[in-house]
Amino acid sequence: MKVGVDPSLCEAHGECMSILPEVFDLDDDEVLQIREGELTSGEEAPAERAVASCPKGALRFSR
């Protein structure tokens with residue numbers, strides 16, 4: 001499973017970063033960066049919480 005972002009919706013609130021900083025990060029311009037590649041099995045549950053916590057609904061899963 002992978003996670004992605006719709007940059008037109010993301011307002012860089014950082015909720016996802018606070019839940020899973022190993023996957024989500026803001027760059028110097030406050031643009032959300034997501035680690036490339038598949039989530040590990042241990043990251044899937046926190047990633048689900050991160051996606052659900054996004055106040056703008058900008059995050060999504062893909063396979």
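Along the sequence shown, the residues carry numbers beginning at 1.
- Of the N and O atoms on the side chains of Glu15 and His13, not one donor lies less than 3.5 Å from an acceptor on the other residue.
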| Can you list the steps and then say if Arg60 with Val51 is a side-chain contact (heavy atoms from CB on, under 4.5 Å)? | CA-CA 6 Å; Arg60 65 193 178 290; Val51 168; 5.9 Å; no
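- Taken to the nearest 0.5 Å, the CG atom of Leu39 stands 9.5 Å off from the CD atom of Glu48.
- Here the shortest heavy-atom pairing between Gly4 and Ile34 reads C-CD1, 3.7 Å.
- A pairwise comparison of heavy atoms in Cys54 and Ala58 identifies SG-N, 3.3 Å as the closest pair.
- Atoms NZ and CG, on Lys56 and Asp6 in that order, are 11.5 Å from each other to the nearest 0.5 Å.
- In terms of heavy-atom proximity, Leu59 sits nearest to Ala50 at CD1-O, 3.7 Å.
- By the 4.5 Å heavy-atom criterion applied to side chains, Phe24 and Val3 are counted as neighbours.
- Asp27 places a side-chain N or O within donor-acceptor distance of the main-chain N or O of Asp29, the cut-off being under 3.5 Å.
- With a 4.5 Å cut-off on side-chain heavy atoms, Leu26 and Leu32 count as touching.
- Ile19 and Pro46 make their closest contact through CG2-O, 3.4 Å (heavy atoms, listed as atom of the first residue, atom of the second, distance).
- The hydrophobic cluster containing Met1 also contains Val5, counting ILVMFWY residues as joined when their side-chain heavy atoms lie under 4.5 angstrom apart, directly or transitively.
- Nearest approach of Glu38 to Glu43, heavy atoms of both residues: O-OE1, 4.5 Å.
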